[in-house]
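Just below is one structure, and these are the notes that go with it.
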Amino acid sequence: MSVLRPLDKLPGLNTATILLVGTDDVLLQQLAGSMLKEDCASELKVHLAKSLPLPSNVNRPRIDLIVFVVNLHSQHSLRNVEESLHHVDASFFLGKESHCSVHRNTVVKLAHTYRSPLLFCDLEVEGFRTTMAQRLVRMLQICAGHVPGVSALNLLSLLRSTENPSLEDL
Amino acid sequence: MRHSAWTSPFPGGKSESTELPQSLNRSQTDKRDFVAEISCTPAIFSAKEREAGARRVSLLSLSPRGLLCRGSQEMDETVAEFFRRTILKIPITEMMTVLKAWDFLSENHLQTVNFRQRKESLVQDLVLLCEEKRASLNDAALLDIIYTQFHRHQKVWDVFQMSRRPGEDIDLFDMEQFKSSFKKILQRALKNVTVSFRDTEENAVWIRIAWGTQYRKPNQYKPVYVVYYSQTPYAFVASSLLKSNLPLLGQALTVASKHHQIVKMDLRSRYLDSLKAIVFKQYNQNFETHNSTTPLQERSLGLDINMDSRIIHENRVEKERIQRVTQEIFGDYPQPRLEFAQYKLETKFKSDLNRGILAEREEPLRCLVKFSSPHLLEALKSLAPAGIADAPLSPLLTCIPNKGMNYFKIRDK
C-alpha cells in the first residue's frame with residue numbers, strides 16, 4: 001500500500017509534480033529552488049523526500065516524475081536509493097522515473113537494470129544546477145502530458161543510451 | 001657597545017674610535033646639538049652583533065631622537081634583538097593595543113613615536129624607546145606573554161590535570177607563594193632559566209619559561225607557556241619542540257601548587273578557550289536569544305522564513321526526529337572548538353566474510369583514524385541534518401566534550 005503508483009490519482013489542472021528523492025537535503029532544496037525559477041507554462045510543484053515509502057496520511061497530488069538523486073561520494077546515499085526503489089510501482093518505470101547522479105558505475109548498472117535514464121550533474125555548481133533544472137522541467141512537462149505529441153514512453157526510448165550494447169546481454 | 005675593548009689597536013689597518021669618557025651618564029637636561037658616536041665593532045664580534053651595533057649608530061646620528069641623551073648603552077645586544085623580534089611579530093593593527101596592555105611605555109612616550117611609518121622604522125623607534133627606559137629582559141618576556149595572549153591560537157595547547165592524595169588538606173592558595181616556589185624549583189634544577197608571570201582574571205596566571213642548559217643561556221625564542229587556573233587542578237601547556245623539560249615543568253607545577261601528581265589528559269587543541277570550556281564544563285550554557293521564539297518546527301527544518309510554498313517536504317516527521325535527536329546530544333549552544341579527533345584502534349580485525357587474510361590474525365590490527373576539521377564538533381553536529389549520517393551518531397564521536405578527550409585508544413574488551 002505504500003507503493004507509489006503513477007496513475008492512481010486524477011491529475012491537477014495544469015499542474016506538474018515532481019518528486020526528488022535523495023539523502024542530501026540541502027542539495028535537493030537548491031535544485032528545487034532552481035527548478036522553480038524556470039519559466040514554465042504549467043504550475044510546478046516539487047516534493048522532496050529523503051527516502052521512500054512516503055508517509056501515507058498526507059494528501060498529495062499525482063506525481064508525474066520521480067528523480068532519484070544519488071551522491072557518488074556516499075554509499076549511504078546509494079543504498080538509500082536502492083531501498084526506495086522497491087517502493088515504486090513497476091509502471092512508473094515506463095518513463096516516469098530517472099536518476100540524477102552527483103558524479104559514476106554502480107549507478108550506471110542500477111539505472112540500466114531499471115531502464116531509467118541516467119543524468120550526471122555537479123549540483124553544487126550554480127550553472128550546472130540551472131541547466132539540470134531546465135532539463136528536469138522539460139522532462140516533467142512531458143511526463144505530465146503538457147507537451148502535445150510527446151508522451152513519457154516516447155521520451156524514454158529517446159533517452160536510452162546506446163553506448164553499451166553489450167550490457168543488454170548480461 | 002663595549003668601549004673597554006677598544007683601547008688596544010687592531011692588528012689590521014686603521015680604525016677610528018672615539019672614546020667617550022666613562023662619566024657619560026648624562027641626564028636628560030644636558031642637551032647637545034648633535035651626538036655622534038662612531039663605533040667600530042672589532043672583528044671578533046659576530047656579524048649580527050656588528051650589524052646591530054652599526055644600525056644603532058646610524059639611527060643615532062640621523063634621527064632627531066639623537067638629541068636626547070644616549071648614555072652608555074646598558075641594554076645587552078641579545079635583549080635588544082629579542083625586543084626587536086618580539087615587537088616585529090605584532091601586527092600593526094594591534095600594536096597600540098598590545099603596547100597599552102604592556103604598560104611599560106607611558107602614553108606620553110607612545111605619542112612621541114610616529115605610528116604611521118613603515119613597520120621596520122616603527123619597530124626600531126620602539127626598541128630605542130625601550131632602551132632609553134632601561135627595559136630589562138623581564139619586561140621583554142612580559143611583552144612576549146602579552147603577544148601570546150593575543151595570539152593564543154597560534155600554539156597547540158595540552159591539558160594537564162593535577163591531583164592531591166585523598167584526604168590531604170587543602171590550604172588557602174597564595175599566588176605569590178606559588179610563583180616564588182615555582183621559580184625556585186626551576187632555578188635550582190636548571191641554572192639558566194627565565195621565568196616570568198602575568199596574572200589574569202579568574203585567578204589564572206600565565207607563566208613563560210625560557211629554557212637553557214648548564215652551560216647555555218636560555219633560548220628566548222622557544223619558550224613554554226603555562227596557564228594555570230589556581231582554583232582548579234588544571235593547567236594548560238603550550239610547548240615548543242623541547243619536550244625534554246616537560247617532566248621538570250610538571251614537577252615544578254605540582255610541588256608549587258601543593259599537589260601530589262600530574263597527569264597529561266588526552267585533550268589537545270589550538271583553542272585555549274574551548275579547552276577551558278570543555279574542562280570546566282562551561283560549554284553547555286544555553287543562552288536565550290530572542291530568536292528562540294520562532295516555533296520549533298520552522299527552526300528545526302532549517303527553513304528560511306520565506307520558503308517557497310511549492311516545495312513540500314515529504315519526510316517532515318523524520319526530519320524533526322533527526323533535529324530532536326541532534327539537539328538532545330549536542331544541545332542548542334555553540335560547540336567548543338577542536339580541530340582533531342584521533343582514534344587509535346588496537347582491536348582484532350572483525351569481518352563479515354568468513355575467510356579473509358586479516359581475519360585469521362591473532363594480533364590486534366593497528367589502525368589510526370583521524371577526523372579533522374576547522375570546527376570538528378559543529379561539523380559532527382551537522383552530519384545528521386545534512387543527511388550524510390544517521391542520527392544518533394556513534395557515541396565515540398559524541399562523547400568528546402563530555403569525556404574531555406579527543407585522543408582515544410580503543411582496545412578489545
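All values below come from the heavy atoms of this structure, side chains included, with hydrogens, waters and symmetry mates left out. Proteins come first, then strands; the chains are lettered A, B, ... in the order of their sequence lines, and each starts at number 1. This one's a predicted model, so the numbers in the text were calculated from it and none came from an experiment.
For a residue to count as touching a neighbouring chain, one of its non-hydrogen atoms must lie under 4.5 Å from one of that chain's; by this rule Ile18(A) does not touch chain B.
Atom NZ of Lys45(A) has 12 or fewer neighbouring heavy atoms from other residues, nucleotides or ligands inside a 6.0 Å radius. Dense packing is recorded around NZ of Lys119(B), with more than 12 heavy atoms of other residues, nucleotides or ligands lying under 6.0 Å away. Under a cut-off of 6.0 angstrom, the local environment of CZ in Arg135(A) is sparse, with at most 12 non-hydrogen atoms contributed by other residues, nucleotides or ligands.
To the nearest 0.5 Å, the span separating CZ on Arg316(B) from CG on Leu48(A) amounts to 11.0 Å.
A pairwise comparison of heavy atoms in Ala32(A) and Ile311(B) identifies CB-CD1, 3.6 Å as the closest pair.
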Show me, pair by pair, the donor-acceptor contacts under 3.5 angstrom made by side chains of residues 369-380 of chain B, not counting sequence neighbours?
residue, atom, partner, partner atom, Å
Ser373(B), OG, His375(B), N, 3.0
Ser373(B), OG, His375(B), O, 3.3
Glu378(B), OE2, Gln335(B), N, 3.2

Inset, instruction - Could you check His313(B) against Gln29(A) for side chain to side chain contact (heavy atoms under 4.5 Å, CB included), going step by step and ending with a plain yes or no? - result: CA-CA 9 Å; His313(B) 289 262; Gln29(A) 222 168 308; 3.7 Å; yes
